[in-house]
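Chain identifiers are assigned alphabetically (A, B, ...) following the order of the sequence lines, protein sequences preceding nucleic acid strands; residue numbering begins at 1 within each chain.
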2 protein chains.
Amino acid sequence: MSPKVSKEHKEQRRANILNAAKNVFIELGYEHTTMKHIMDETGVSRGGLYQYFSNKEDVFECILEEELNHESIEISEILKGSVQSYWDLLLESIYGEERKPDDEMDPLAPSKLEFFITGRNNDRRKEYCKNRYYNGFKIYADIIEQGQQDGEFSDKFDSEVIARSIITFIDGLSVDQSILSKEDLKSKQQSVLFLEYLKMILEVK
Amino acid sequence: MSPKVSKEHKEQRRANILNAAKNVFIELGYEHTTMKHIMDETGVSRGGLYQYFSNKEDVFECILEEELNHESIEISEILKGSVQSYWDLLLESIYGEERKPDDEMDPLAPSKLEFFITGRNNDRRKEYCKNRYYNGFKIYADIIEQGQQDGEFSDKFDSEVIARSIITFIDGLSVDQSILSKEDLKSKQQSVLFLEYLKMILEVK
DNA sequence: AATTATAACGACATAAGTGTCGTTAATCAA
DNA sequence: TTGATTAACGACACTTATGTCGTTATAATT
C-alpha cells in the first residue's frame, strides 16, 4: 500500500519483518521455520518479504547482525568504563551489567546453535561462525591477559585456554538449556561453580 | 533378491543400512540427510529401506540405540572392574579406557546435537533426550558421590552440580568441535584444564 | 518340480517449500 | 489532474522429499 515511500518507512517495515521473524525462529527453531511462517507472522505477502530478504538464511543473518551491533556497543562501553578490577570486567563481559549469573538465557540461543551446527558443511557459514567465535574469544582472552599482566590474575594458566573454556562452558549451557527445562538444568548453580573455578585458576582475591 | 529369508540375513541387512546411514549422517548432518541419501549409500531401494525403518527419525534413533547398548555394556564393565580409585573411575567414564583426553571426538556428535536441538519442540523427542541426559548424569553423580562418601573426594561441592558441569563441558566441546577445526578448538588443552578444575574442587590427591 | 511366502523393488500420488514475475495500486512530482 | 515510480501482492512453475502400494522374483518348503 505504499510505493515511492520514505526511507524511514522501508526501514520500519524491514525492522517489523526482522522482529516478527525473530519470534518465529524462537518458537519454531531455525530449521523448521519457513518463509511462509515469517510471512504469516509479519502479515506480509510472499513478494513483499522477498523484496527485503532473499531467503531464510538472509533473514536470520540479519537478525544476528543486529544483535551483534548492540552487543559490540555494550562491550565497548564496558571497556571504556573505569577498570577498577579485571575480575569485574570479566564478570560483566560474561553476564552483562548484572555481573552475576541467573537462570535466564537468550531465547534465540537454541536457534543460533541450529544455524551454526547445521551450517557446518557450508564454507561461507563456517567462516561466519569462526569469526563470531573469535570475536567472543578475543574479548575474554584480552581481559584475562591484561589482568595477568596487571598482576590481578595468576598467570599459571594460559589466558587463551581459559578464554576458550569460558566459551565452551557457555555453549554447553546453551545446548543443555535447549533440551532441558530451566529447573532441570540448574544453570545458576552451575554458573556459580564455574565462577569458583575461574577464581581458583586465576587466583582472584 | 531374497524372500522368506533367514533371520540372520535380515539382521545383516538392517545392520548394513544402519551402518551406511551412520556414515551419511556423519557427512551431511541429521537435518540435511534424506532417505534418498541413505538409500543411495546403502544401495537399497526406497521400498527396501522403508521395510526396515519407517522414517529418518526412526533410522537415527536406532543408531543411537545401538550405541547406547555398547556404551552401557562398557560402563557396566568399568563399574564391575577393580575400584582402586574413584578418580580413575571418573576419568574412565569420561574418556573411556584411555583415561585421558585427546583431540578425537565422536564423529556423529554434531548430528546428535542437531537431532536433539531441532527436536526440542517435540514432546516425545524431548523425553528421549532428557532420559539420555539423566543416564549420563547418574553415572557421574554416583561415582562422585561414592567417592565423597569414601573420603577420596572432598564434599565441599554438591556431587550433582559437578556431574552436571561435566556434561555441560562435554556438550560445549561438542558444539565448538562441530563449528571449529580440530586445531582451532584445542580440546585437549581445554580438557586438561578441566581436569585440573575437577581435581581442585574434588581435592584429589 | 511346483508351490508359497515375502524381500526387494521402483513408479506414483501427495505434500510442502522456494523464488519469480506480471499486476495492482498508492504516493510523490510536475 | 496527470503521469511516473515502485512497494506490495499473490498466482505460478519448479523442485524436492515423503510414504505407499502393486509387481516381481527368489529362497525355502513340500
Side-chain angles (χ1 to χ4, degrees), chain A residues 1-21 23-25 27-63 111 114-115 118-119 121-122 124-125, chain B residues 1-21 23-25 27-63 111 114-115 118-119 121-122 124-125:
Chain A
M1 306 172 188
S2 48
K4 220 182 188 188
V5 81
S6 68
K7 197 178 172 187
E8 291 75 43
H9 182 261
K10 275 166 76 176
E11 275 171 5
Q12 178 61 48
R13 206 171 164 85
R14 192 187 123 101
N16 281 344
I17 294 173
L18 284 183
N19 196 45
N23 290 333
V24 178
F25 283 128
E27 197 185 346
L28 301 179
Y30 179 74
E31 287 295 328
H32 293 162
T33 72
T34 66
M35 288 302 254
K36 182 75 167 43
H37 289 129
I38 297 173
M39 284 158 45
D40 292 345
E41 177 81 10
T42 317
V44 76
S45 70
R46 183 159 215 88
L49 177 54
Y50 274 89
Q51 189 136 25
Y52 289 88
F53 304 97
S54 54
N55 50 42
K56 184 172 75 167
E57 193 179 14
D58 187 21
V59 177
F60 197 79
E61 285 186 10
C62 287
I63 293 173
S111 297
E114 277 184 53
F115 180 75
T118 61
N121 286 334
N122 175 308
R124 207 182 61 80
R125 211 129 117 196
Chain B
M1 307 172 188
S2 49
K4 222 183 185 184
V5 82
S6 68
K7 198 178 173 187
E8 291 74 45
H9 182 260
K10 274 165 77 177
E11 277 170 3
Q12 179 60 50
R13 207 172 163 85
R14 192 187 123 102
N16 281 344
I17 295 174
L18 284 183
N19 195 46
N23 291 332
V24 179
F25 283 128
E27 197 185 346
L28 302 179
Y30 179 74
E31 288 294 329
H32 293 163
T33 72
T34 67
M35 289 300 255
K36 181 75 166 46
H37 289 130
I38 297 173
M39 286 158 43
D40 292 345
E41 177 81 11
T42 317
V44 77
S45 71
R46 181 158 217 89
L49 177 54
Y50 275 89
Q51 188 137 24
Y52 289 88
F53 304 97
S54 53
N55 50 42
K56 185 173 74 169
E57 193 178 13
D58 188 20
V59 177
F60 197 78
E61 285 185 10
C62 288
I63 292 174
S111 297
E114 277 184 53
F115 181 76
T118 61
N121 287 334
N122 176 308
R124 207 184 61 82
R125 209 129 118 196

Applying a 4.0 Å non-hydrogen cut-off, can you work out what B/Lys10 is touching in the nucleic acid: base, sugar-phosphate, or nothing?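 Sugar-phosphate, no base atom in range.
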Pick base, sugar-phosphate or nothing for B/Phe53, based on heavy-atom distances below 4.0 Å to the nucleic acid. nothing
Residues in salt bridge (Lys or Arg N to Asp or Glu O under 4.0 Å) contact with A/Glu61, at least two apart in sequence or another chain: A/Arg124
With A/Lys10 via salt bridge (Lys or Arg N to Asp or Glu O under 4.0 Å) - residues at least two apart: none
For [X], check side chain to side chain donor-acceptor pair (under 3.5 Å) against everything at least two apart and list the hits.
{"X": "A/Asn16", "result": "A/Gln12"}
{"X": "B/Glu31", "result": "B/Thr118"}
{"X": "B/Asp40", "result": "B/Lys36"}

Taking [atom1] from [X] and [atom2] from [N], how many angstroms apart are they, rounded to a whole number?
{"X": "B/Asn55", "N": "D/dA17", "atom1": "CG", "atom2": "C1'", "answer": "13 Å"}
{"X": "A/Glu8", "N": "C/dT27", "atom1": "CD", "atom2": "P", "answer": "16 Å"}
{"X": "A/Arg13", "N": "D/dT6", "atom1": "CZ", "atom2": "C1'", "answer": "13 Å"}
{"X": "A/Leu28", "N": "C/dG17", "atom1": "CG", "atom2": "P", "answer": "11 Å"}
{"X": "B/Tyr50", "N": "C/dC9", "atom1": "OH", "atom2": "P", "answer": "15 Å"}

Quick check on contacts: within residues 36-45 of chain B, what sits under 4.0 Å from DNA chain D by heavy-atom distance?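 Nothing qualifies; none.
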How does each nucleotide of nucleotides 11-16 of chain C score, in 5' to 3' order, for protein heavy atoms under 4.0 Å: base (B), sugar-phosphate only (S), or none (-)? B-----
Closest to the 5' end of DNA chain C, once A/His32 and B/Leu49 are matched to their nearest nucleotides, is B/Leu49
How far does CD of A/Glu41 sit from CD1 of A/Ile17, to the nearest 0.5 angstrom? 12.0 Å
Mind checking side-chain contact (heavy atoms from CB on, under 4.5 Å) for B/His37 and listing every partner two or more places apart, or none if nothing turns up?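 Checked B/His37 against side-chain contact (heavy atoms from CB on, under 4.5 Å); matches are B/Val24, B/Leu28, B/Thr33, B/Thr34.
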Report, one line per pair, each donor and acceptor closer than 3.5 Å where one atom sits in a side chain of residues 48-55 of chain B; sequence neighbours left out.
residue: B/Ser54; atom: OG; partner: B/Asp58; partner atom: OD2; Å: 3.4
residue: B/Asn55; atom: OD1; partner: B/Glu57; partner atom: N; Å: 3.4
residue: B/Asn55; atom: OD1; partner: B/Asp58; partner atom: N; Å: 2.9

